[in-house]
Amino acid sequence: MIELQDVFKVYKNGEIETIALKNINLRINKGEFISIMGPSGSGKSTLMHIIGLLDRPTGGKYLLDGQDVSKLKDEELSKLRNKKIGFIFQAFFLLPRKNVLENVILPSIYSDLKQSSRKEKAIESLKESAFPLNFIYHYPNQLSGGMMQRVAIARSLINDPEIILADEPTGNLDTKTGEFVLHTFQRLNIEKGITIILITHEEYVAEHAEKIIRIKDGEIISQEKVKNRKILHHNNENY
């Protein structure tokens with residue numbers, strides 16, 4: 001599904017060049033759950049932005065379902081990103097002046113989903129993320145961190161993405177709530193076949209995936225299957 005060939009990324013600030021990624025060769029198959037792990041400044045977020053079509057590589061080739069997306073125009077990338085990829089971030093990025101339902105609906109406005117179906121689809125996505133439906137008209141400042149992250153998960157699901165990219169999704173959560181979020185990713189991966197790419201600097205979080213890709217100083221230093229994978233089981237409690 002995802003193949004990066006000799007990808008590198010250089011940021012320029014005047015005459016100063018910063019190499020963020022170099023010689024990245026990576027394949028991710030459809031339906032895999034992988035973690036990309038590395039310390040701050042290792043290049044893992046840059047790699048996620050390229051995989052998520054939020055940024056372009058300086059050089060190399062990125063094939064998504066066999067298509068060389070490096071050659072697409074910005075508008076084509078935007079449409080492809082909206083259709084195929086859901087994003088979840090550490091900081092949630094919910095719009096404070098929109099309620100839960102409106103936040104979840106937002107990505108569907110730019111998709112092919114009919115307006116008459118958006119509310120129903122949003123509620124379905126909230127159920128998938130185990131969000132309590134009696135809170136759907138609340139605003140972000142009325143929710144706990146765990147509830148906000150479940151809204152973000154629901155928002156990432158509304159367009160039926162094939163890939164979910166989660167950047168430090170448990171970083172602002174306590175351990176118990178973080179485990180619930182990780183269990184949700186495992187369930188979505190197993191039950192819906194969604195490819196999950198989890199960005200983290202924590203070993204414990206990374207071990208919830210099937211495979212860990214380690215990155216340091218902009219280079220992949222290892223790729224390994226998780227031997228003692230952490231499989232979680234939770235009821236839909238209000239974390």
Side-chain angles (χ1 to χ4, degrees), residues 1-4 7-9 11 18-57 60 62 64 69 81 84-94 129 145-146 148-153 155-157 161-175 177-189 194-226 229-230 232:
M1 174 179 256
I2 292 169
E3 185 173 0
L4 277 65
V7 163
F8 65 94
K9 180 66 180 181
Y11 292 104
T18 302
I19 300 173
L21 295 175
K22 48 189 173 183
N23 303 321
I24 298 293
N25 288 283
L26 175 63
R27 296 184 71 175
I28 299 172
N29 297 320
K30 183 176 177 61
E32 280 192 306
F33 185 164
I34 71 143
S35 290
I36 297 176
M37 186 179 174
S40 296
S42 61
K44 61 185 185 296
S45 290
T46 301
L47 179 57
M48 189 205 80
H49 289 157
I50 289 174
I51 291 173
L53 308 177
L54 294 168
D55 200 357
R56 295 176 183 269
Y62 174 17
L64 181 59
V69 296
R81 183 171 60 242
K84 279 189 175 288
I85 305 173
F87 294 91
I88 300 164
F89 298 97
Q90 178 178 344
F92 315 129
F93 294 125
L94 303 181
S129 71
M148 284 194 283
Q149 194 59 294
R150 278 193 263 177
V151 176
I153 292 170
R155 181 183 58 192
S156 77
L157 292 172
E162 296 177 30
I163 303 164
I164 286 180
L165 288 172
D167 191 4
E168 302 282 4
T170 62
N172 284 338
L173 306 177
D174 61 76
T175 301
T177 307
E179 287 184 349
F180 181 85
V181 167
L182 293 168
H183 165 73
T184 302
F185 291 149
Q186 288 181 342
R187 179 170 51 79
L188 291 170
N189 174 248
I194 298 173
T195 303
I196 308 287
I197 301 172
L198 176 66
I199 311 297
T200 184
H201 65 276
E202 297 183 64
E203 190 79 32
Y204 175 78
V205 173
E207 288 174 350
H208 290 80
E210 299 170 292
K211 183 167 71 175
I212 298 176
I213 295 168
R214 298 182 190 273
I215 186 169
K216 183 179 179 181
D217 298 328
E219 292 185 279
I220 292 175
I221 58 172
S222 70
Q223 300 186 47
E224 62 202 50
K225 287 190 174 182
V226 178
R229 187 183 183 195
K230 305 242 179 338
L232 300 173

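Basis for what follows: all heavy atoms, side chains included, without hydrogens, waters or symmetry-related copies. Numbers here are sequence positions counted from 1.
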Is D167 close to F87 at the side-chain level, that is, under 4.5 Å between some pair of heavy atoms?
-> no

What heavy-atom pair brings F8 and K22 nearest, and what distance separates the two atoms?
-> CB-CA, 3.8 Å

Count the heavy atoms of every other residue, nucleotide or ligand shown that sit under 6.0 Å from CD1 of I19, and state whether that count exceeds 12.
-> no

Intermediate values then yes/no, side chain to side chain contact (heavy atoms under 4.5 Å, CB included), I212 and E203 | CA-CA 9 Å; I212 298 176; E203 190 79 32; 4.0 Å; yes

Interatomic distance, L182 atom CG to Y204 atom OH [nearest 0.5 angstrom] | 7.5 Å

Please list, chain by chain and in numerical order, all residues satisfying ring pair (Phe, Tyr, Trp, His ring centres under 6.0 Å) with F93, sequence neighbours excluded.
-> F89

Decide side chain to side chain contact (heavy atoms under 4.5 Å, CB included) for L173 and F180; before the verdict, give the C-alpha distance in whole Å, the side-chain angles of both, and the deciding distance to 0.1 Å.
-> CA-CA 10 Å; L173 306 177; F180 181 85; over 6 Å; no

Can you find a pair of side-chain heavy atoms, one from L198 and one from S35, that are under 4.5 Å apart?
-> yes

Measure the shortest side-chain to side-chain distance between L94 and R155 over non-hydrogen atoms and say whether it is less than 4.5 angstrom.
-> yes

Answer yes or no: is there a donor N or O on one side and an acceptor on the other, between the side chain of T200 and the main chain of E168, under 3.5 Å?
-> no

Over 12 foreign heavy atoms within 6.0 Å of NZ, K216 = no

Nearest 0.5 Å please: distance from the CD1 atom of I163 over to the CG atom of L53.
-> 8.0 Å

For the residue pair G86 and P161, what are the closest heavy atoms and their distance?
-> N-CB, 3.6 Å

Would you confirm whether K30, through its side chain, and T195, through its main-chain N or O, come within 3.5 Å as a donor-acceptor pair?
-> no

Derivation and outcome, side chain to side chain contact (heavy atoms under 4.5 Å, CB included), residues I24 and I220 | CA-CA 7 Å; I24 298 293; I220 292 175; 3.8 Å; yes

Just how far is it from atom CD1 of I164 to atom CD1 of I196, taken to the nearest 0.5 Å?
-> 4.5 Å

Going by heavy atoms in the side chains, are L165 and L54 under 4.5 Å from each other?
-> no

Under the side chain to side chain contact (heavy atoms under 4.5 Å, CB included) criterion, do I194 and F33 qualify, and how do the steps go?
-> CA-CA 8 Å; I194 298 173; F33 185 164; over 6 Å; no

Nearest heavy-atom neighbours spanning N23 and E219 = ND2-OE2, 4.1 Å

Side-chain donor-acceptor pairs of residues 37-52 under 3.5 Å, sequence neighbours excluded:
| unit_1 | atom_1 | unit_2 | atom_2 | d |
| --- | --- | --- | --- | --- |
| S42 | OG | P39 | O | 2.8 |
| K44 | NZ | G38 | O | 2.9 |
| K44 | NZ | P39 | O | 3.2 |
| H49 | ND1 | S45 | O | 3.4 |

Nearest 0.5 Å please: distance from the CD1 atom of I88 over to the CZ atom of R150.
-> 13.0 Å

From I215 atom CD1 to H201 atom NE2, the distance as rounded to the nearest 0.5 Å = 15.5 Å

Result for side-chain hydrogen bond (donor to acceptor under 3.5 Å, both in side chains) between D174 and one of T177, T170, N172 points to T177

Within a radius of less than 6.0 Å around CZ of R229, do more than 12 heavy atoms belonging to other residues, nucleotides or ligands occur?
-> yes

About how many Å separate CG of L157 and OG1 of T184, when rounded to the nearest 0.5 Å?
-> 9.5 Å

Spell out, as yes or no, whether a donor-acceptor pair under 3.5 Å connects the side chain of E210 to the backbone of E32.
-> no

